[in-house]
Amino acid sequence: MRAAGRSVRTRLRDRVAASDPGLLRLVAGLRTVGAIALALAVLALLGSDVTHLVAGAMAAMVATFAIREKQPAAQAVTLALGLPVALASVSLAALLASHVVLGDAFFVVLIFCAVYGRRFGDRGTALGLIGFQLYFVSLFVGATVAGLPKLYLSLAVAFACSAVVRFGIVPATPAGVLQRLRQAFRARLAQLLSAQLELLDAGPDDIDKVLADLREGHARLHETALMIQTRLDDNTLDASTTRLVQRRIADAEIAAERLGLLLLTARSARRADTLTLHLPGAPAPTMGRLPGADEATALLRRDLSALRELVVRPPAEARGTALSHLRNRLLGYRDEENLPAASPAVQDVFRGIGETARAVMGLRVALDGPQDESDDSPATTRSREELDAEDAAIDAGEAAADEAAEQTGLRRPTTRAAVQVAVGSTLAIAGGELLSSQRWYWAVLTCWIVFINTASTGEILVKGYRRLLGTVFGVVAGIVLAGLVGQHTWTAFALVLVLIFAMFYTAPLSYTLMSFFVTAMLGLLYTLLHTYSLSVLVLRIEETALGAACGVVAAALVLPVRTDSRTDELLGTVLERLTDVTEGAVDQLSGGPAADLLDRARDLDQALGDLRGATQPLTHPITPLRARRDTARYVVALLETCAYHARSLAATAELLPTHPSIAADPRLRGAVRRTVRNIGTIAARVADPGAAGEVETGPSIASLLEYDTAGVPRYGRITGRVLRHLERLDEAVTGLARPLGVPVATPKR
């Protein structure tokens with residue numbers, strides 16, 4: 001019973017870890033709610049009235065969510081600086097309350113400075129946010145000069161409570177966050193393997209759902225891998241350990257994705273297209289029974305389940321002969337003589353299981369330290385020796401790390417954004433005061449928020465729409481909750497805490513949901529302040545719509561950045577990063593010097609993530625331009641396919657010094673020249689639609705190098721895989737030409 005209970009707890013922990021990698025959303029919600037609850041308790045003991053309870057609660061919320069730095073020392077400094085900024089902000093708001101024009105002018109200047117402060121990093125962003133939000137809080141509670149001493153007390157208590165919760169009650173060290181992200185990676189890898197198990201038995205009616213689960217599994221695993229890469233940069237791990245974890249995470253991700261492709265190929269009438277796993281809505285390949293019928297299916301089902309068991313078993317339970325037996329059997333598939341009798345496609349799946357098992361073992365060693373080697377088979381021992389040799393190569397290459405990689409070239413133009421939001425806020429103030437001389441600041445708040453983390457007119461339009469939609473439904477919820485709570489002050493505060501937790505927990509998932517919870521919470525706060533009425537909540541909708549409209553107008557007319565221009569700029573960056581990874585990997589595979597391919601691959605992934613976010617206005621479900629939406633989705637999916645093959649080439653290139661099956665061959669440079677030229681041609685056309693040039697086509701890369709004149713394979717299986725990646729990368733790059741309007745040259749006979 002105890003073992004069963006532990007298993008249930010482990011499964012529950014893995015589900016939570018997979019749904020919230022690193023528990024970042026949970027920690028954010030608990031911290032904010034804890035800070036607010038503690039501030040309310042202290043202020044209640046001090047005898048504060050409801051107005052100052054509300055002010056303290058809102059200040060505690062701002063002091064908690066505004067600070068985004070990773071290291072506790074940096075957080076403490078920013079929090080300490082935030083209090084005088086907050087005190088100055090509410091003082092000026094109270095002093096200027098009776099001077100309408102001067103107060104409005106100062107508010108616009110404050111907004112400009114808050115946005116401009118983003119160029120100074122996380123601390124500048126946090127202090128600007130605190131200054132703006134506390135000015136808003138003073139307007140919300142109607143701060144006066146006479147009431148400033150009590151308001152100062154509320155703010156001081158709020159910031160102190162935020163510090164207590166952040167550093168004492170709900171601490172989150174970089175090492176702890178990284179450890180939870182590791183657990184999340186394991187959990188999401190196990191979920192992806194479960195989806196692959198479903199693919200093994202999926203019938204014709206189920207294949208679309210299974211493919212959707214596979215796509216989601218790959219996307220979530222990749223998301224967690226990127227989060228780990230980001231957190232490693234801010235961690236205190238030594239450089240060697242950091243590089244090792246980065247490498248093992250990348251190996252496991254690539255091996256798992258390749259295993260899914262091999263399964264698709266085994267069940268399809270032809271080799272599966274990588275695009276199938278990257279393009280939502282892509283037609284499913286024709287699926288049939290696995291060759292070898294039930295026996296091969298049973299073996300694959302058994303071994304995929306065993307592989308999943310290797311992934312999910314916690315370190316404390318990862319010892320014993322049973323688990324060693326599973327690991328030895330799976331790693332044995334890396335040797336040709338241990339493959340079961342089956343068709344070549346099915347044997348490839350077993351090889352993929354063996355390679356994934358090796359990646360899982362390397363991941364476990366990197367994350368959990370040395371493992372029990374007493375029951376190792378010869379195949380397992382050989383895999384460990386390969387991993388040790390790779391680790392030594394990583395250590396040796398650490399001194400050659402390129403320090404120039406910090407230049408991203410994609411810094412947000414904060415001056416332009418500050419000017420835009422200042423103009424938009426001016427319009428919002430003017431229009432908001434026409435709607436209401438008391439609640440005009442809601443329009444300004446919405447205008448401010450739609451500019452946060454957006455860079456083009458289309459992104460601002462989508463964000464404004466989502467905020468308005470969430471506000472409308474939140475008003476309905478606020479009416480219902482206000483009617484239920486009535487004048488029960490502490491019940492209302494308890495509901496406010498629940499809504500705030502929901503707001504922070506859902507914020508990264510859905511901006512509409514976050515806006516819904518914010519508006520519902522405001523309905524309760526108005527009830528507490530005895531200013532609640534249906535007309536106030538309706539006014540909230542009107543001011544929100546006005547603020548969103550002012551933001552869109554300012555973005556469209558003042559130093560505008562069109563969505564097309566933004567996506568073209570980011571697309572050019574993705575193509576540049578793709579060239580860097582591909583050329584670097586092939587150069588190393590051709591005998592060139594070692595390069596920092598992991599960092600290049602990560603830069604590619606980050607650039608692709610930026611592009612994916614920038615295309616949201618084009619791919620949004622409500623967009624009327626259906627053809628344009630489909631084109632944007634297709635281009636992003638093709639680029640994700642290119643990135644997968646480039647990452648695979650980079651991972652293989654880094655094996656070159658230690659893997660006996662991989663030998664450098666200078667002819668690979670010639671194989672990739674056409675692909676690199678094509679990427680350059682496409683990038684030139686994206687940068688300048690009038691640029692000349694055609695995408696070249698020709699014989700398959702694999703057919704050029706994989707066989708000699710007698711039809712005998714020239715290289716081993718690993719090198720053949722390299723050629724296959726090059727071929728698929730070349731095909732995907734050629735596929736980019738048509739949707740991007742680049743002419744394709746007719747191949748010469």
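The 12-atom threshold is not exceeded at CZ of F473, counting heavy atoms of other residues, nucleotides or ligands nearer than 6.0 Å.
With rounding to the nearest 0.5 Å, the separation of CZ in F106 from CG in L96 is 6.5 Å. Note that CG of D605 is 3.5 Å distant from NE2 of H222, once rounded to the nearest 0.5 Å.
Contact record, R166 with T64: NH2-O, 2.7 Å, taken as the closest heavy-atom pair. Summarising the geometry of L427 relative to V553, their closest heavy-atom pair is CD1-CG1, 4.2 Å, with the distance given to 0.1 Å. Between A428 and L546, the shortest heavy-atom contact is O-CD2, 4.2 Å. When every heavy atom of L43 is checked against every heavy atom of G56, the shortest pair comes out as CD1-CA, 3.8 Å. Closest approach of L524 to A492, counting heavy atoms only: CD1-O, 4.0 Å.
Take D49 and apply the side chain to side chain donor-acceptor pair (under 3.5 Å) test, not counting sequence neighbours, and it matches H52. Legend: residues meeting side-chain contact (heavy atoms from CB on, under 4.5 Å) with A86, ordered by chain and number and at least two apart, are I130, L134, L155, F159. In this structure Q438 satisfies the side chain to side chain donor-acceptor pair (under 3.5 Å) test with no other residue, sequence neighbours excluded. Partners of R685 under the side-chain contact (heavy atoms from CB on, under 4.5 Å) rule, at least two apart in sequence or in another chain, are V742, P743. Partners of E640 under the side chain to side chain donor-acceptor pair (under 3.5 Å) rule, at least two apart in sequence or in another chain, are R612.
Of the possible donor and acceptor atoms, one in the side chain of S89 sits under 3.5 Å from a partner among the backbone N and O of G131. For the pair R31 (side chain) and V165 (backbone), a donor-acceptor distance under 3.5 Å is absent. At least one donor-acceptor pair closer than 3.5 Å links the side chain of T78 to the backbone N or O of A74. The closest donor-acceptor contact from the side chain of Q420 to the backbone of V558 lies under 3.5 Å. Formation of a donor-acceptor pair under 3.5 Å by the T426 side chain with backbone atoms of A422 is found in this model. The backbone N or O of E569 lies less than 3.5 Å from a partner atom in the side chain of T573, making a donor-acceptor pair.
Within the 4.5 Å cutoff, side-chain heavy atoms of L571 are placed close to those of L740. Looking only at side-chain heavy atoms (C-beta outward), L30 and V27 stay at 4.5 Å or farther from each other. In this structure the side chain of V419 reaches within 4.5 angstrom of the side chain of F112, judged on heavy atoms. Considering only heavy atoms from C-beta on, L445 comes within 4.5 Å of F132 through its side chain. Put simply, the side chain of W442 reaches to within 4.5 Å of the side chain of L522, judged on heavy atoms. Residues L79 and F167 are in side-chain contact: their nearest non-hydrogen atoms beyond the backbone lie under 4.5 Å apart. Between M61 and I500 the shortest side-chain heavy-atom distance falls below 4.5 Å. Looking only at side-chain heavy atoms (C-beta outward), R123 and E69 come within less than 4.5 Å of each other.
Applying the side chain to side chain donor-acceptor pair (under 3.5 Å) test to pairs two or more places apart or on separate chains, none has a residue in residues 126-151.
Between the side chains of T125 and R68, no donor-acceptor pair of N or O atoms lies under 3.5 Å. Checking T471 against S515 by side-chain atom types alone, no donor-acceptor pair falls below 3.5 Å.
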Hey, mind stepping through L469 and Y465 against side-chain contact (heavy atoms from CB on, under 4.5 Å) and telling me if it holds? CA-CA 6 Å; L469 185 64; Y465 153 77; 3.9 Å; yes

Check the pair L539 / W440 against side-chain contact (heavy atoms from CB on, under 4.5 Å), numbers first and verdict last. CA-CA 9 Å; L539 179 64; W440 55 269; over 6 Å; no

Dump the intermediate steps for side-chain contact (heavy atoms from CB on, under 4.5 Å) on F493 and I36, then the final yes or no. CA-CA 10 Å; F493 271 123; I36 294 172; over 6 Å; no

Pair L81-V85, side-chain contact (heavy atoms from CB on, under 4.5 Å): steps then yes or no: CA-CA 7 Å; L81 293 174; V85 170; 5.5 Å; no

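Aromatic pair Y441/F136: ring centres closer than 6.0 Å.
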